[in-house]
Amino acid sequence: MVTVNLGMLHYVLDHIYGAFMHRTKISTPFFSRGWGGTKLEMLEKMINQLFPEVCGHNWPPTMIQPVWKTVWETKTASLREGVFRTPCDEQLLNALPPESHNARVAFLMPKSVPPHMMACVVHLAGTGDHSFERRLRLGGPLVKQNIATMVLESPFYGQRRPVLQRGAKLLCVSDLLLLGRATIEEARSLLHWLDSEAGFGKMGVCGLSMGGVHAAMVGSLHPTPVATLPFLSPHSAVVAFCEGILKHGTAWEALRNDLEAQKVMTLEEVRERMRNVLSLTDVTRFPIPKNPDAVIFVAATDDGYIPKHSVLELQKAWPGSEVRWVTGGHVSSFLLHNGEFRRAIVDGLDRLPWKESPL
């Protein structure tokens, strides 16, 4: 009985937080400016280029050359920040807001051993994670285990946020797909750089919530085994915006008004249109990663944002992957279970072979 009550408490906490963030008028809702018009149509066509029948044509990705500056350095570690032009093709680049054209990364690296004897994990941003700090705190203690942390600032977030956007509340549905597609391209180029230029012996990609969805996509598409570590993540954005708490923070009336230029629609028809569009983000459509044993999902028992069935759908689609459950909701697990996330990172990397040492 105590466990049930605690579980309900975590679940209620998610809903209280969600009500404060998404049902009040403190900020605008998601997609207040509608669907995105021709940008959405273009993206719906482009997303399919990621899939197995053509994914071989997308490797290697565009090589990036970050320009680095040192933030701090000690005897055992260094933190650098880098800037590089997003590797997205011209069509995607033109669809992105100008503020998002340059990508920013933070790179926390141990100094005790050469790169080919180290691992590095790319950390992708969850919804509303506008800075490097939280993910650097997650990866920081792993320096002692010779695991470097590369933190990518997402398009539409932080210094890459469009001037008219308030917080994390994307203005159009097309912005969500743009954010995802650009993040995937940038993360793939970062992994390629870590492998071919920096020479790391093992690599991984992780993320929390939305960042975990993107991490799963990146790990799925990588041509060689990488540790893939989605934390508190659904199998698709459909779950977040049509089933979970974020549905209360979505501008359904604005979306309906945008569509009514074509035909009169009910709210349920608008929601069905959203499900169809966001089905493009369904990770179960992506290929099984090269080493599914190195895929570890960490999910919460009482998550008000991500239902259990969503996590289990991904595990079913990727045989050999592992699900680990932590007691809590979305918000409480985000705050309390960094130790479990770090343990998953270490274990996922341990399941990979070391790359052959350079001569």
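Just so we're clear, the structure is a prediction, and the values are computed from it rather than from any experiment.
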State, without any angle test, whether Ser112 and Asn146 hold a side-chain donor-acceptor pair at a distance under 3.5 Å. yes
Exercise: do Thr86 and Glu186 side chains pair donor with acceptor under 3.5 Å: yes
Are the side chain of [X] and the backbone N or O of [Y] linked by a donor-acceptor pair below 3.5 Å?
X: Trp35; Y: Leu255; result: yes
X: Glu340; Y: Val326; result: no
X: Glu268; Y: Val270; result: no
X: Tyr305; Y: Ala240; result: no
X: Ser233; Y: Pro230; result: no
X: Ser189; Y: Thr62; result: yes
X: Asp258; Y: Ala254; result: no
X: Arg256; Y: Thr266; result: no
X: Arg135; Y: Ser131; result: yes
X: Glu153; Y: Gln159; result: yes

How far apart are the closest heavy atoms of [X] and [Y], and which atoms are they?
X: Lys308; Y: Thr301; value: CE-O, 3.0 Å
X: Leu246; Y: Phe30; value: CD2-CE1, 3.9 Å
X: Tyr157; Y: Ala168; value: OH-CB, 3.7 Å
X: Ala237; Y: Leu176; value: CB-CD2, 4.3 Å
X: Leu229; Y: Gly348; value: CD2-CA, 4.4 Å
X: Pro234; Y: Val239; value: CB-CB, 3.9 Å

From CA spacing to verdict: side-chain contact (heavy atoms from CB on, under 4.5 Å), Leu208, Thr127: CA-CA 8 Å; Leu208 190 145; Thr127 302; over 6 Å; no
By salt bridge (charged side-chain N to carboxylate O under 4.0 Å, His left out), which residues pair with [X], not counting sequence neighbours?
X: Glu73; answer: Lys111
X: Glu272; answer: Arg275
X: Asp347; answer: Arg324

Applying a strict under-4.5 Å side-chain criterion to I, L, V, M, F, W and Y, I'd like to know whether Leu152 and Leu93 cluster together. no
With a 4.0 Å cut-off, would you call [X] and [Y] a salt bridge?
X: Glu99; Y: Arg161; value: no
X: Lys247; Y: Glu243; value: no
X: Glu44; Y: Arg273; value: yes
X: Arg33; Y: Asp175; value: no
X: Lys316; Y: Glu313; value: no

Partner of Thr149 by side chain to side chain contact (heavy atoms under 4.5 Å, CB included), out of Met109, His123, Arg137: His123
Counting only heavy atoms not in Glu90 (residues, nucleotides, ligands), do more than 12 fall under 6.0 Å from its CD? no
I'd like to check [X] versus [Y] (side-chain heavy atoms, cut-off strictly below 4.5 Å). Are they in contact?
X: Glu197; Y: Met63; value: yes
X: Pro66; Y: Val83; value: no
X: Thr76; Y: Val143; value: no
X: Trp68; Y: Val105; value: yes
X: Cys172; Y: Lys39; value: no
X: Asn102; Y: Arg160; value: no
X: Pro287; Y: Leu221; value: yes
X: Leu179; Y: Met210; value: yes

Euclidean distance, [Y] [atom2] relative to [X] [atom1], rounded to 0.5 Å:
X: Thr224; Y: Lys290; atom1: OG1; atom2: NZ; result: 8.5 Å
X: Asp129; Y: Ser209; atom1: CG; atom2: OG; result: 10.5 Å
X: Trp318; Y: Thr284; atom1: CH2; atom2: OG1; result: 9.5 Å
X: Ile296; Y: Phe231; atom1: CD1; atom2: CZ; result: 8.0 Å
X: Leu190; Y: Glu185; atom1: CG; atom2: CD; result: 11.5 Å

With sequence neighbours excluded, what pairs up with His337 under the ring-ring contact (aromatic ring centres under 6.0 Å, His included) test? none
List the steps, then state whether side-chain contact (heavy atoms from CB on, under 4.5 Å) holds for Arg85 with Ile64. CA-CA 7 Å; Arg85 187 75 164 174; Ile64 56 170; over 6 Å; no
Check the pair Leu267 / Glu253 against side-chain contact (heavy atoms from CB on, under 4.5 Å), numbers first and verdict last. CA-CA 8 Å; Leu267 278 178; Glu253 285 290 348; 4.0 Å; yes
Take Leu177 and Thr281 through the test side-chain contact (heavy atoms from CB on, under 4.5 Å) and record every step on the way to the result. CA-CA 8 Å; Leu177 296 183; Thr281 67; 3.8 Å; yes
Considering the options Lys355, Arg188, Lys202, which one meets the salt bridge (Lys or Arg N to Asp or Glu O under 4.0 Å) requirement together with Asp195? Lys355
Ring centres under 6.0 Å, that's the criterion: do Phe84 and Trp193 meet it? no
Among residues at least two apart in sequence or on other chains, which ones pass side chain to side chain contact (heavy atoms under 4.5 Å, CB included) with Trp72? Thr74, Ala77, Leu79, Leu108
Sequence neighbours left out, what passes side chain to side chain contact (heavy atoms under 4.5 Å, CB included) with Pro114? Give chain and number order. His116, Met117
